[in-house]
Amino acid sequence: MPAITLPDGSVRSFDGPVTGTTVAEAIGPGLAKAALAMEVDGKLCDIRQTIHKDAALRFITRKDPESLELIRHDAAHVLAEAVQALYPETQVTIGPSIENGFYYDFYRSEPFSPEDFAAIEAKMHEIVAKAEPFVREVWKRDDAIRFFEDRGEKFKAELIRDLPEDEEISIYRQGEWLDLCRGPHLRTTKDVGNAFKLMKVAGAYWRGDHRNPMLTRVYGTAWRDKKELDAHLHQLEEAEKRDHRRIGKEMGLFHFQEEAVGQVFWHAKGWRLYTALQDYMRRAQTRHGYQEVRTPQLVDRALWEASGHWDKYRHHMFIATVEDENKTLALKPMNCPCHVQIFRHGLRSYRELPLRMAEFGACHRYEPSGALHGLMRVRGFTQDDAHIFCTEDQIADETVRFVKMLHAVYQDLGFEHVRVKFADRPEQRAGSDAVWDKAENALKEACAVAGVEYEHNPGEGAFYGPKLEFVLRDAIGRDWQCGTLQVDLVLPERLDASYIGEDSGKHRPVMLHRAILGSFERFLGILIEQHAGRFPLWLAPVQVVVASIVSDAAPYAEEVAAALREAGLAVEADVRNDKINAKVREHSVARVPVILVVGRREAEERTVAMRRLGTQAQESLSLEEAVTRLKNEATPPDLRKKG
RNA sequence: GCCCUUAUAGCUCAGUGGUAGAGCAACCGCCUUGUAAGCGGUAGGUCGUGGGUUCAAAUCCUACUGGGGGCACCA
């Protein structure tokens with residue numbers, strides 16, 4: 001006699017086991033029509049599922065966010081049926097719903113191409129129109145394996161074989177077609193609707209392992225209605241407009257070319273942006289008690305062997321040799337071993353700890369070609385790297401200090417939302433379990449002291465120690481992992497770093513590896529996308545353009561530009577023989593934050609007409625006032641007078 | 001590295017077997033101009049590179065290199 005409790009608190013009793021469909025019909029025809037699935041005691045399931053005992057029930061309609069996931073998952077099934085109908089030799093594997101859509105991985109000797117999309121989409125619409133009910137069946141394991149093997153579906157058979165013994169093998173049918181699937185699903189294929197679109201094909205390794213065969217993955221996006229779909233497609237276009245590679249080209253910030261793959265040619269404007277950020281970081285570091293150092297680019301392999309990097313990362317290092325000398329050197333892929341060399345140069349006292357050693361370390365890594373991505377993933381980059389040599393007792397305090405500094409920097413740079421992840425020991429690692437226990441516990445404790453709340457990220461630590469990962473969210477909601485703090489008890493041991501303690505004995509320091517930006521290249525890529533190239537004044541590559549209206553005003557325009565330059569601003573004078581409309585347009589398109597327009601009147605009165613990017617308003621003010629105000633406004637946030 | 005895709009003028013792109021095109025930018029001239037494109041003219045490309053098919057290749061095939069989207073990788 002199940003009693004069904006509904007979200008409004010009301011209870012309905014039934015004489016015997018009932019399906020969700022029956023309950024919905026009992027409540028009313030409107031709900032019966034709208035209910036796509038249901039949640040029974042918090043668990044999402046098919047609406048046709050039978051409820052045997054008392055339960056809390058909530059119906060899922062198109063309005064509920066859960067419906068999107070179901071629509072997407074079902075769209076993947078519809079895609080798979082369509083593909084097998086058109087290309088019967090294709091084997092199916094898996095097809096989950098993902099953010100904004102779904103994908104399905106197929107195995108086929110000839111991979112699909114976007115040219116096949118039109119035919120596949122047409123078939124999908126046919127299947128949706130047929131309104132085939134999704135019917136759940138539970139099969140015996142052996143029957144299921146035999147069934148799929150008989151059909152030549154080796155991948156599916158393998159999946160079933162690998163399911164845990166006690167797992168129920170459920171099959172979903174939609175008309176003639178069926179698939180192994182945990183569910184749940186909508187009522188019929190019709191519920192998928194027509195707001196879907198196939199987006200791209202991509203290769204993906206079977207079970208995510210590069211030793212396995214390559215499958216063809218077809219990605220699609222799916223929404224509740226056409227309006228949502230269009231909004232999503234529009235958003236994709238908007239994101240494309242802020243792509244840092246596009247903006248970098250438009251604003252003349254940097255370029256890449258074949259002769260230096262994965263390395264940036266910074267142009268004058270991009271370099272101003274870069275150095276503005278670097279200057280800021282240098283000030284922040286100095287303020288927080290770091291000393292800056294500089295270490296060699298080319299270092300003998302012996303050091304990398306000692307640190308353990310040679311063993312693990314040799315194939316990702318650029319190796320250099322000299323003809324006349326039988327030596328192998330490597331371009332440094334990281335700075336830590338070099339910093340240890342400075343630390344161990346001469347005797348260190350406990351009085352020097354914590355010793356915070358920073359370097360804008362230029363590193364090179366031979367990243368796989370497929371990993372390269374604009375500024376975000378390059379082969380030559382510069383880290384805002386630092387290593388804190390300290391005692392175990394100082395870990396907590398240093399963590400507190402670092403987290404504070406990191407938040408201040410992110411805030412100055414315009415990022416408010418920061419998450420923390422705790423990455424613990426990976427499978428392949430250096431150091432004993434005892435050392436790892438110690439390092440992980442120390443870091444956890446430090447988090448507690450610093451009041452840092454974190455998510456767990458299992459197995460993702462560095463090979464020498466656990467790490468905190470700082471993830472920031474940008475203006476359009478994307479997450480970027482930038483900052484990191486790593487506790488390392490291994491490298492000081494391997495590279496024999498020591499200090500003399502209070503007891504006159506030798507001790508091992510702890511090394512904290514830390515970065516806030518990560519790499520300048522990547523962080524600038526993020527900054528470009530964050531601001532869509534419209535930087536705050538202190539970062540803008542060209543801060544002000546002084547544009548003359550008539551040639552008579554040209555000398556005054558030059559004078560205004562000179563005054564601003566004297567005040568430390570990046571300014572250009574545009575005295576070309578062109579219409580003011582054209583000049584304003586050109587510099588607006590170039591995202592110059594401030595345009596000062598000067599004509600005959602301004603020259604006579606010694607004023608400027610100020611126009612801000614993104615507005616049409618003009619403000620007339622005296623030259624002196626303009627210089628004072630712009631100089632103040634262009635001051636980096638950390639140098640601005642507070643309050 | 002693997003799969004798909006792509007490469008034409010400085011930029012954005014059209015041209016799909018029959019003598020390389022447009023817009024913007026550049027350069028030259030005219031216009032002295034009041035807040036998002038004034039007008040006219042000139043110049044600019046061995047169509048990414050190497051092979052091949054063909055009477056004929058930007059166009060078809062093939063390899064390589066770079067770019068893009070994923071997968072794998074990310075000390």
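Note on naming: letters A, B, ... go to the chains in the order of the sequence lines (proteins, then strands), and numbering restarts at 1 for each one. Scope of the values below: all heavy atoms of this structure, side chains included, with no hydrogens, waters or symmetry mates.
- Listed here is the closest heavy atom pair of A/Ala553 and A/Val598: CB-O, 3.7 Å.
- Rounded to whole Å, the separation between the P atoms of B/U6 and B/C60 comes to 10 Å.
- A distance of about 14 Å separates the P atoms of B/G68 and B/C13, rounded to the whole Å.
- Both distances falling under 3.5 Å, in either a Watson-Crick or a G-U wobble arrangement, place B/C2 opposite B/G70.
- Atoms CG (A/Asp578) and C1' (B/C27) sit 14 Å apart, rounded to a whole Å.
- At a cut-off of 3.5 angstrom, counting only N and O atoms as typed in the model, there is a donor on one side and an acceptor on the other between the side-chain of A/Lys579 and the base of B/C31.
- Using a 4.0 Å heavy-atom distance criterion, A/Ala609 is classed as a base contact.
- Using a 4.0 Å heavy-atom distance criterion, A/Tyr103 is classed as making no nucleic acid contact.
- Protein atom CG of A/Asn581 is 6 Å distant from nucleotide atom P of B/A36, rounded to whole Å.
- Of the candidates B/A75, B/A26, B/G67, B/G67 carries the atom nearest the A/Val261 side chain, counting heavy atoms from C-beta on.
- Minimum atom distance to the side chain of A/Arg600 is reached by B/G34, of the listed B/C4, B/G34, B/U35.
- Within the nucleic acid shown, A/Ala582 comes within 4.0 Å of sugar-phosphate atoms alone, with no base atom in reach, counting heavy atoms only.
- Contact of A/Arg611 with B/A36 (side chain to base): a donor-acceptor pair of N or O atoms is detected under 3.5 Å.
- For the P atoms, the distance from B/A20 to B/U49 is 16 Å, rounded to whole Å.
- Expressed to the nearest 0.5 Å, how far CG of A/Leu443 lies from CG of A/Asp424 amounts to 10.0 Å.
- Going from the P atom of B/C28 to that of B/G69 covers 39 Å, rounded to whole Å.
- At a cut-off of 3.5 angstrom, counting only N and O atoms as typed in the model, there is a donor on one side and an acceptor on the other between the side-chain of A/Glu602 and the base of B/G34.
- A distance cut-off of 5.5 Å between ring centres, combined with a plane angle under 30°, leaves A/Phe463 outside any stacking arrangement with the base of B/A75.
- Across the protein-nucleic acid pair, A/Arg246 atom CZ and B/C13 atom C1' stand 13 Å apart, rounded to whole Å.
- Residue A/Ser369 places at least one side-chain N or O closer than 4.0 Å to OP1 or OP2 of B/G1.
- Within 4.0 Å of A/Glu258, counting heavy atoms only, lie sugar-phosphate atoms of the nucleic acid but no base atom.
- Distances shown here put a side-chain N or O of A/Lys249 below 4.0 Å from the OP1 or OP2 atom of B/U12.
- Taking atom C1' in both B/G15 and B/A9, one finds a spacing of 14 Å when rounded to whole Å.
- Of the P atoms belonging to B/U62 and B/U53, the separation is 15 Å, rounded to the nearest Å.
- Nucleotides B/C47 and B/G41, compared at atom P, are 29 Å apart to the nearest Å.
- At the heavy-atom level, A/Pro333 lies under 4.0 Å from base atoms of the strands shown.
- When each of A/Leu215 and A/Ile580 is assigned the nucleotide of RNA chain B with its nearest heavy atom, A/Leu215 is the one assigned upstream, toward the 5' end.
- Note: A/His232 and A/Trp223 have tilted aromatic rings, judged against thresholds of 30 and 60 degrees for the angle between ring planes.
- A/Asp209 places its CG atom 16 Å from the P atom of B/C2, with the value rounded to the nearest Å.
- Remark: the separation of the C1' atoms in B/C24 and B/A14 is 15 Å, to the nearest Å.
- No contact: A/Glu250 has no heavy atom under 4.0 Å from any strand.
- Heavy atoms of A/Phe256 sit nowhere under 4.0 angstrom from any nucleic acid atom.
- The phosphate of B/G68 has OP1 or OP2 within less than 4.0 Å of a side-chain N or O from A/Arg245.
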Practice problem: Please report the C-alpha distance between A/Lys583 and A/Asp578 in whole Å, then the side-chain angles of each, then the deciding distance to 0.1 Å, and finally whether the salt bridge (Lys or Arg N to Asp or Glu O under 4.0 Å) criterion is met. | Solution: CA-CA 7 Å; A/Lys583 292 186 185 183; A/Asp578 246 325; over 6 Å; no

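- Between B/U32, B/U35, B/G70, one nucleotide has an atom nearer to the side chain of A/Ala202 than all others, and that is B/G70.
- Rounded to an integer number of Å, the gap from A/His373 NE2 to B/G70 P is 8 Å.
- The residue among A/Pro368 and A/Gly599 whose nearest nucleotide of RNA chain B is located toward the 5' end is A/Pro368.
- The shortest non-hydrogen separation linking A/Arg522 to A/Gln481 is NH1-O, 2.7 Å.
- Closest to the side chain of A/Leu613, from the set B/U35, B/A36, B/A75, is B/A36.
- In this structure, B/G17 makes no Watson-Crick or G-U wobble pair, since no nucleotide meets both defining distances under 3.5 angstrom.
- Picking from B/A36, B/A75, B/U5 the nucleotide with the shortest atom distance to the side chain of A/Ser113 gives B/U5.
- Residue contacts for A/Ala204: at a heavy-atom cut-off of 4.0 Å it reaches the sugar-phosphate backbone alone, with no base atom in range.
- Within the nucleic acid shown, A/Gly208 comes within 4.0 Å of sugar-phosphate atoms alone, with no base atom in reach, counting heavy atoms only.
- The two atoms that bring A/Met357 and A/Tyr290 nearest to each other are N-CD2, 4.4 Å, heavy atoms only.
- Here B/A37 sits opposite no nucleotide as a Watson-Crick or G-U wobble pair (both hydrogen-bonding atom distances under 3.5 Å).
- Checked by distance alone, A/Arg377 brings a side-chain donor or acceptor within 3.5 Å of a matching partner on the base of B/C73.
- The shortest distance between the side-chain N/O atoms of A/His316 and the OP1/OP2 oxygens of B/G1 is not below 4.0 Å.
- If you check B/A7 for Watson-Crick or wobble pairing at under 3.5 angstrom, you find it paired to B/U65.
- In the model, A/Thr484 has a side-chain atom that pairs as donor or acceptor with a side-chain atom of A/Gln486 under 3.5 Å.
- Looking at A/Tyr205, its side chain comes within 3.5 Å of the base of B/G1 through a donor and an acceptor atom.
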Practice problem: List the steps, then state whether salt bridge (Lys or Arg N to Asp or Glu O under 4.0 Å) holds for A/Glu586 with A/Arg576. | Solution: CA-CA 12 Å; A/Glu586 190 177 313; A/Arg576 292 172 304 169; 3.2 Å; yes

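- Counting only heavy atoms from C-beta on, A/Lys200 has its side chain closest to B/G69 among B/G66, B/A75, B/G69.
- For A/Tyr366, counting side-chain heavy atoms from C-beta on, the closest listed nucleotide (B/A37, B/G1, B/G66) is B/G1.
- Rounded to whole Å, atom C1' of B/C74 lies 15 Å from atom CD of A/Glu521.
- A/Val589 comes within 4.0 angstrom of a base, heavy atoms only.
- Base engagement by A/Ser588 is indicated by at least one non-hydrogen atom pair under 4.0 Å involving a base atom.
- Distance, A/Arg217 CZ to B/C2 C1': 13 Å, rounded to whole Å.
- Nearest heavy atoms, A/Leu79 versus A/Phe106: CG-CZ, 4.0 Å.
- For the 3.5 Å distance criterion, the side chains of A/Gln341 and A/His339 fail to qualify, holding no donor opposite an acceptor.
- Protein atom NZ of A/Lys583 is 17 Å distant from nucleotide atom P of B/C31, rounded to whole Å.
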